[in-house]
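Treat the numbers as computed from the prediction; the structure is a model and nothing was measured.
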Amino acid sequence: MATNQSLCAICDLRHLTTSSTHWCPECKEALCINCKEHHSLSKSSRAHQVIPISAYNNLPSFIANIDLFCSYHNEKYTQYCVKHECPICYKCIKAHGSCKGVTVLEDLTLDIKTSDVFRDMEQGLTDIMGNISRIREDRESYVKIIRDKRN
């Protein structure tokens with residue numbers, strides 16, 4: 001995470017104070033509207049998917065802290081090893097050469113939100129949240145009953 005997502009990182013390097021409007025997860029930098037335009041036109045970053053800074057700030061910390069680059073080679077994750085259940089970069093493929101089930105990471109995530117497994121998991125989480133709410137309400141009503149009896 002950047003230390004200050006409210007200021008544009010590129011403008012900050014130029015000693016300007018410009019409010020950020022977008023976040024690039026690959027660069028891990030906040031961008032103002034002008035720098036976002038340059039970012040989307042630059043050959044090295046035009047394929048990056050930037051998101052509004054408000055959406056980034058609303059992400060849970062475990063999502064915002066997901067690393068997109070290999071810690072050993074500092075390369076972007078492009079493959080996934082099914083055997084070890086981990087993303088790998090193209091340099092890690094040598095170490096996972098004997099593993100069966102190395103696949104392109106993009107192929108795994110392509111239709112994830114429309115898959116049956118995702119919908120089942122989403123429904124399961126919704127059911128769990130409903131159960132937690134009912135348990136909480138029950139506990140609160142029991143606490144109220146105990147307070148009334150005590151009084």
Side-chain angles (χ1 to χ4, degrees), residues 1-140:
M1 272 185 166
T3 55
N4 188 356
Q5 298 101 6
S6 63
L7 295 178
C8 175
I10 296 170
C11 289
D12 189 43
L13 291 172
R14 294 173 25 208
H15 304 292
L16 301 172
T17 53
T18 310
S19 295
S20 62
T21 57
H22 289 81
W23 177 262
C24 178
E26 293 189 49
C27 296
K28 294 186 178 182
E29 288 188 327
L31 304 166
C32 67
I33 193 72
N34 292 330
C35 292
K36 177 199 173 276
E37 182 179 351
H38 291 290
H39 188 265
S40 65
L41 296 173
S42 175
K43 188 175 185 176
S44 62
S45 60
R46 73 173 64 135
H48 295 184
Q49 297 292 321
V50 297
I51 59 173
I53 198 74
S54 58
Y56 173 74
N57 288 335
N58 289 333
L59 288 174
S61 62
F62 69 93
I63 300 286
N65 291 330
I66 291 176
D67 203 3
L68 301 175
F69 292 88
C70 175
S71 58
Y72 301 109
H73 304 111
N74 200 27
E75 298 290 335
K76 187 176 178 184
Y77 290 127
T78 56
Q79 306 284 321
Y80 184 80
C81 179
V82 177
K83 180 181 177 184
H84 294 105
E85 298 179 342
C86 66
I88 57 176
C89 72
Y90 72 92
K91 289 183 179 178
C92 290
I93 291 176
K94 290 179 186 175
H96 293 266
S98 62
C99 299
K100 293 185 179 183
V102 173
T103 185
V104 178
L105 189 59
E106 189 174 300
D107 291 347
L108 290 175
T109 61
L110 189 61
D111 296 321
I112 192 71
K113 287 191 176 182
T114 58
S115 72
D116 291 333
V117 174
F118 180 79
R119 279 190 246 131
D120 290 345
M121 188 184 329
E122 192 173 38
Q123 183 60 46
L125 290 173
T126 303
D127 294 344
I128 290 170
M129 289 300 293
N131 290 340
I132 290 172
S133 294
R134 280 193 296 280
I135 290 169
R136 182 178 287 152
E137 289 170 6
D138 287 346
R139 298 298 162 221
E140 288 173 358

Inset, instruction - To the nearest 0.5 Å, tell me how far Lys83 NZ sits from Ser98 OG. - result: 5.5 Å
Inset, instruction - Inspect the surroundings of CZ in Phe118 and state if more than 12 heavy atoms from other residues, nucleotides or ligands are less than 6.0 Å away. - result: yes
Legend entry - Arg46 versus Ser40, closest heavy-atom pair with distance: CB-O, 3.1 Å
Inset, instruction - Quick one: sort the His96 and His84 rings into parallel, tilted or perpendicular, breaks at 30° and 60°. - result: perpendicular
Legend entry - Validation row: Thr103, Gln79 side chains within 4.5 angstrom (heavy atoms): no
Legend entry - From Ile51 atom CD1 to His22 atom NE2, the distance as rounded to the nearest 0.5 Å: 9.5 Å
Legend entry - Distance (rounded to the nearest 0.5 Å) between Cys11 SG and Asn34 CG: 7.0 Å
Inset, instruction - To the nearest 0.5 Å, tell me how far Leu105 CG sits from Cys89 SG. - result: 12.0 Å
Legend entry - Considering all heavy atoms, the nearest Tyr77-Pro87 contact: CE2-O, 3.4 Å
Legend entry - Side-chain heavy-atom pair Glu29, Val50 within 4.5 angstrom cut-off: no
Inset, instruction - Could you tell me the separation between the CH2 atom of Trp23 and the NZ atom of Lys28, rounded to the nearest 0.5 Å? - result: 8.5 Å
Inset, instruction - Please round to the nearest 0.5 Å and tell me the distance separating atom CG of Asp12 and atom OG1 of Thr18. - result: 9.0 Å
Legend entry - Test item: Ser42 side-chain N/O and His38 main-chain N/O as donor-acceptor pair under 3.5 Å: no
Inset, instruction - Taking all non-hydrogen atoms of both residues into account, name the closest pair between Cys32 and Ser19 and its distance. - result: CB-O, 3.4 Å
Legend entry - Minimum-distance pair of heavy atoms, taken over all atoms of Gly101 and Val82: O-CG2, 2.8 Å
Legend entry - Beyond-backbone contact of Cys24 with Ser45, side-chain heavy atoms, under 4.5 angstrom: no
Inset, instruction - Check the surroundings of atom CZ in Arg136: do more than 12 heavy atoms from other residues, nucleotides or ligands lie under 6.0 Å from it? - result: no
Inset, instruction - Mind listing the closest non-hydrogen atom pair of Ile33 and Thr21 along with its distance? - result: N-OG1, 3.4 Å
Inset, instruction - State which residue, out of Asp120, Asp127, Thr126, fulfils the side-chain hydrogen bond (donor to acceptor under 3.5 Å, both in side chains) condition with Gln123. - result: Asp127
